[in-house]
K.L.:
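Have a look at this one before I ask anything.
Order of the sequence lines fixes the chain letters, A, B, ..., with proteins taken first and strands second; residue numbering starts at 1 for each chain.
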Protein chains: 2
Amino acid sequence: MKRAQFDLATFFPYRLAVLSERTSKCLSDVYRARFGLSMPEWRVIVHLARCQPVSVREIHNCVNMEKPKVSRAVARLETTGLVRKDADSEDQRLVRISLTQRGETVLDELIPLVRAFEARILGDLEPGELDRFLATMERIRAALDRESADTAASGAGEEVA
Amino acid sequence: MKRAQFDLATFFPYRLAVLSERTSKCLSDVYRARFGLSMPEWRVIVHLARCQPVSVREIHNCVNMEKPKVSRAVARLETTGLVRKDADSEDQRLVRISLTQRGETVLDELIPLVRAFEARILGDLEPGELDRFLATMERIRAALDRESADTAASGAGEEVA
DNA sequence: ACGTTATCGTTGCAAACGCAACGAAGTCAA
DNA sequence: TTGACTTCGTTGCGTTTGCAACGATAACGT
C-alpha cells in the first residue's frame with residue numbers, strides 16, 4: 001500500500017500559523033524599530049493603556065502570556081523606565097504596575113503607528129469581510145474549546161480513581 | 001490631553017496570534033502525545049510525506065522554518081530513527097533526507113489523526129465559509145507582502161550610496 | 001589552473017522560553 | 001493563636017530559539 005500523502009501547504013493550522021507569524025513579525029518591526037520593545041513588553045505596555053494600575057496576575061490573564069513571561073517583561077520595562085512597580089498597601093503580595101510619564105509618552109506615539117499598521121493590513125478587505133472573518137475565527141475557537149474539554153475529560157479518568 | 005486608549009482584545013494581529021497559538025497547541029497534542037514529536041520535527045517529517053529525498057535547504061523553503069531549526073530537527077529525527085541522511089553523490093554539499101521504514105509507518109498512523117483534527121476544527125463551518133476565510137487570509141498576506149516591500153525599499157536607500 | 005564568490009549544512013552563543021518550585025503574604029478553621 | 005492551605009510574584013533550570021559565523025564544497029571568471 002502506498003504511503004499516505006499530505007500537503008502541508010493546504011493544511012489549515014499550518015496556514016494559520018504562517019500568516020500569524022508573518023503578521024506578528026511585521027508588527028514587531030513597528031514597535032521594535034523605534035522603541036526597542038520585545039513582543040512581551042509590547043503586550044504588557046499596551047495592556048496598561050487600558051487599565052492601570054494592574055497586577056502581574058491580571059496581565060497574565062488578559063494578554064495570553066505565562067506569568068514568568070509577564071514578570072520578566074515588566075522587569076525589563078522597569079529598567080528602561082517605561083513602567084513603575086508599587087506595593088499594594090492592602091495586599092502586600094500584589095504589585096501595582098503602572099506607566100511612568102515616559103511610558104505614557106511612548107504609548108501616545110506608538111499606538112497611532114500600530115493602528116495604522118492594522119489599517120494597512122486590513123485596508124483591502126471589502127465591507128463585511130472582516131466581520132465574517134472574525135466570526136469564523138470565533139467558530140474555530142469554539143471548536144478548539146470543545147477539543148480541549150474532550151482531552152481534559154478523557155485524561156481526568158485516572159484522577160477520579 | 002488624555003492618554004491614548006487601546007484595546008488589545010480587539011486588535012487584529014493579537015487575535016490572530018492567540019487563535020494560531022491555540023490551534024498549534026492543540027495540534028501538537030496530537031503528534032506529541034503518541035509520537036513524542038516536536039513542532040519542528042512534525043513539519044519536517046510531514047514534508048517528507050510529500051517529496052523525498054530532499055535537502056535541508058528545500059525543507060527550509062517549504063515549511064517556513066529557519067535553516068538551523070530544520071537541521072536540528074532532522075538530527076533529532078535521525079537519532080530517533082524516523083529519518084535517514086545520505087550524501088548526494090552529485091553535490092557533496094547536499095544532504096538527501098528521506099524517511100526510514102519506521103518513519104513511513106509513523107506517518108501512515110499520524111496523518112489520519114491530524115486530518116481528523118483538522119476536520120474537527122473546521123467541521124462546524126458552513127459551506128463556503130472556509131473558502132471565504134482562506135480568501136481573506138490571502139488578501140492579508142498580500143498586504144503583508146506590500147508592507148515588507150515598503151520597509152525593504154525605505155531601508156535600501158542607504159545601501160545604494 | 002587558480003583565486004573569488006556563492007551555497008550547503010552545521011555549530012556557537014547569548015537570549016528567550018516553559019514549567020516547576022520557591023519564599024512571602026493572605027485566608028480560613030479549630 | 002496556630003497550623004494548613006491558597007495565592008502572589010519571582011527565580012532556577014534545562015531546552016529551544018534566532019542569528020551570525022564557520023568549514024566544506026561547488027560555480028564562476030579570468
K.L.:
Please confirm whether B:F133 and A:F12 have ring centers closer than 6.0 angstrom.
P.N.:
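Ring centroids of B:F133 and A:F12 are less than 6.0 Å from each other.
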
K.L.:
Select from A:P40 and A:E90 the residue whose nearest nucleotide in DNA chain C is closer to the 5' end of that strand.
P.N.:
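Residue closer to the 5' terminus by nearest nucleotide: A:P40.
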
K.L.:
Using a 4.0 Å heavy-atom cut-off, does B:K25 contact any base of the nucleic acid, only the sugar-phosphate backbone, or nothing at all?
P.N.:
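If one applies the 4.0 Å heavy-atom cut-off, B:K25 turns out to touch nothing in the nucleic acid.
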
K.L.:
Could you tell me whether a side-chain N or O of A:E129 sits under 3.5 Å from a main-chain N or O of A:E126, the two making a donor and an acceptor?
P.N.:
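Yes: the side chain of A:E129 pairs with the backbone of A:E126.
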
K.L.:
Between A:S89 and A:K67, which has a closest nucleotide on DNA chain C that is more 5'?
P.N.:
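The residue mapped nearer the 5' terminus is A:K67.
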
K.L.:
Under 3.5 Å, is there a donor-acceptor pair between the side chain of B:E41 and the main chain of B:S38?
P.N.:
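Here the side-chain-to-backbone pair exists.
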
K.L.:
From the list C:dA16, D:dG9, C:dA20, which nucleotide is the closest neighbour of the side chain of A:R76?
P.N.:
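Among C:dA16, D:dG9, C:dA20, the one nearest the side chain of A:R76 is C:dA16.
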
K.L.:
Do the side chain of A:R96 and the main chain of A:D86 share a donor and acceptor less than 3.5 angstrom apart?
P.N.:
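No: the side chain of A:R96 does not pair with the backbone of A:D86.
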
K.L.:
Are OP1 or OP2 of D:dC8 and a side-chain N or O of A:R57 less than 4.0 angstrom apart?
P.N.:
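A:R57 to D:dC8 OP1/OP2: side-chain N or O found under 4.0 Å.
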
K.L.:
A:Q92 CD to C:dT27 P: how many Å, rounded?
P.N.:
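So the two atoms are 11 Å apart, to the nearest Å.
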
K.L.:
Look at the side chain of B:S71 and decide which nucleotide, out of C:dT10, C:dC17, D:dC19, has an atom nearest to it.
P.N.:
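Closest of the options to the side chain of B:S71: C:dT10.
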
K.L.:
Would you say C:dA16 has OP1 or OP2 under 4.0 Å from some side-chain N or O of A:S38?
P.N.:
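The answer is no; no side-chain N or O of A:S38 sits under 4.0 Å from OP1 or OP2.
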
K.L.:
Just N and O in the side chain of A:K85: are any of them under 4.0 Å from OP1 or OP2 of D:dC8?
P.N.:
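Checking D:dC8 against A:K85, no side-chain N or O comes under 4.0 Å of OP1 or OP2.
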
K.L.:
Once you round it to whole Å, what is the distance between P of C:dG9 and CG of B:D91?
P.N.:
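My rounded result for the distance is 9 Å.
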
K.L.:
Which of these nucleotides, D:dT10, D:dA26, C:dT11, is closest to any side-chain atom of A:P68?
P.N.:
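Per side-chain heavy atoms of A:P68, the pick is D:dT10.
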
K.L.:
For C:dA16, does OP1 or OP2 lie under 4.0 Å from any side-chain N or O of A:K69?
P.N.:
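False: A:K69 side-chain N/O out of range (4.0 Å or more) of C:dA16 OP1/OP2.
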
K.L.:
Record whether the side chain of A:R72 comes under 3.5 Å of the base of C:dG18 through a donor-acceptor pair of N or O atoms.
P.N.:
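Per atom types, the contact qualifies.
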
